[in-house]
Protein chains: 2
Amino acid sequence: MTQQARVFDQLLQIAAILQKDMAQSFEGTGLTGARTHLLWELAALGPSPQNALAAALDVSARNVTGLVDALEAGGYVSRAPHPTDRRISVVSLTGLGEATMARMQREHQMLSEGLVDGLKEVERIEGDLDELIRRLQIVLTPETFENGGTAASRPEAAS
Amino acid sequence: MTQQARVFDQLLQIAAILQKDMAQSFEGTGLTGARTHLLWELAALGPSPQNALAAALDVSARNVTGLVDALEAGGYVSRAPHPTDRRISVVSLTGLGEATMARMQREHQMLSEGLVDGLKEVERIEGDLDELIRRLQIVLTPETFENGGTAASRPEAAS
DNA sequence: TATTGTTATACTCTATAACTATA
DNA sequence: TATAGTTATAGAGTATAACAATA
């Protein structure tokens, strides 16, 4: 039962493809992966304190300051004072930010449809992927093996 | 044919899981994703000029200099002069580097097996994944849509 | 003249710690 | 006293450009 386990490498390959696509995507736009991630969260949450964004993104407050600075400079978001708590700055999408997100959501939808267009047994595949995701989370749980996970995702997936 | 296309999001979720695992993996080891990637390539290629590593990793020569510096400081690789071309420095795995790679390959194998252990129809799933990979590369080809790809990998996959 | 690797410089993401302004 | 966001500092990955040594 040893040699035939290509599945893991296939998943790594998928991760690599998606990551590379994302990295190449933001050229000249002033956007980056991290900044766009913040935009997605902001679109989902609505106007938010940087506080909440840091929690949503699972990054430090300092990091959010930098991302919002850059997005503000690019015209994608704006900061406004909180009506009652003057410590808080509320971040909102600008018109450009909204338009950008609308476009991205549209493109995401198109790609999503294009990926499965004409594919047989899509629902069964979705079930298989759910099972793989479930197993992946178990298998990568550090306690499962003595290792910290590292070896798992051999960095082929990283570039 | 619109609403049911979960597959793309599932793939993004897989990418996010693998990336997160990889990021968490290198704690205190002096290794990182990029450095480990170089080690994998080096293990595959054998002793190589930095030149070749830059090509294999698809990264600038400057970048390789930094990665090799760090790996050399950590004792994972060593630089040696090329026998005939004195411009070239040949990078090799040290004993520690070899041992580290052997361990990682072992762990990778274990995870690979653990992922599919007891799973039904593994070969069919592998075929489905191959098809998805193929389609992914087509769908993400920039020319396919007017976009640069960005929207594709909504950065949920990035953190 | 072309190539290898380096130094110089710069940008991005990320973190912790110290500090300010507010609650 | 605790919280929100900032400045200060630092490490890591990445890039281009200029430069040295060598082909």
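Residue numbering restarts at 1 for every chain, and letters A, B, ... go by the order of the sequence lines. We use all heavy atoms of the structure for the numbers below, so side chains are in, but hydrogens, waters and symmetry mates are not.
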Identify, between A/Arg87 and A/Asp69, the residue whose nearest nucleotide on DNA chain D lies closer to the 5' end. A/Arg87

Which atom pair, heavy atoms only, marks the closest approach of A/Pro49 to A/Ile88? CB-CG2, 3.6 Å

Has A/Asn51 got a side-chain N or O lying under 4.0 Å from the OP1 or OP2 atom of D/dA4? yes

Under 3.5 Å side-chain donor-acceptor pair for B/Gln109 and B/Glu113: yes

Whole-Å distance, A/Leu39 CG to C/dC13 P, equals 11 Å

Nearest non-hydrogen partners of B/Pro47 and B/Val90, listed with the distance: CB-CG1, 3.8 Å

Would you please confirm or rule out a distance under 4.0 Å between OP1 or OP2 of D/dT14 and any side-chain N or O of B/Ser60? no

Output yes when at least one side-chain N/O atom of A/Asn63 is less than 4.0 Å from OP1 or OP2 of C/dA15, else no. yes

Report the nucleotide, chosen from D/dG5, C/dT4, D/dA12, that has the shortest atom-to-atom distance to any side-chain atom of A/Ile88. D/dG5

Side chain A/Arg86 and base C/dT22 donor-acceptor under 3.5 Å: no

Looking only at side-chain atoms of B/Arg35, point me to the closest of C/dC13, D/dG13, D/dG5. D/dG13

Separation of C/dT6 P from B/Leu53 CG (nearest whole Å): 12 Å

Regarding the side chain of B/Gln50, the nearest nucleotide among D/dT14, C/dT6, C/dC13 is C/dT6

Looking at the side chain of A/Ala61, which of D/dT6, D/dA15, C/dT12 is the nearest nucleotide? D/dT6

Closest non-hydrogen contact found for A/Glu126 with B/Arg6 is OE2-N, 3.3 Å

Toward the 5' end of DNA chain D, which comes first, A/Arg62 or A/Asp85, by nearest nucleotide? A/Asp85

Can you see if the side chain of A/Thr65 gets near the phosphate of D/dG5 - specifically, an N or O under 4.0 Å from OP1 or OP2? no

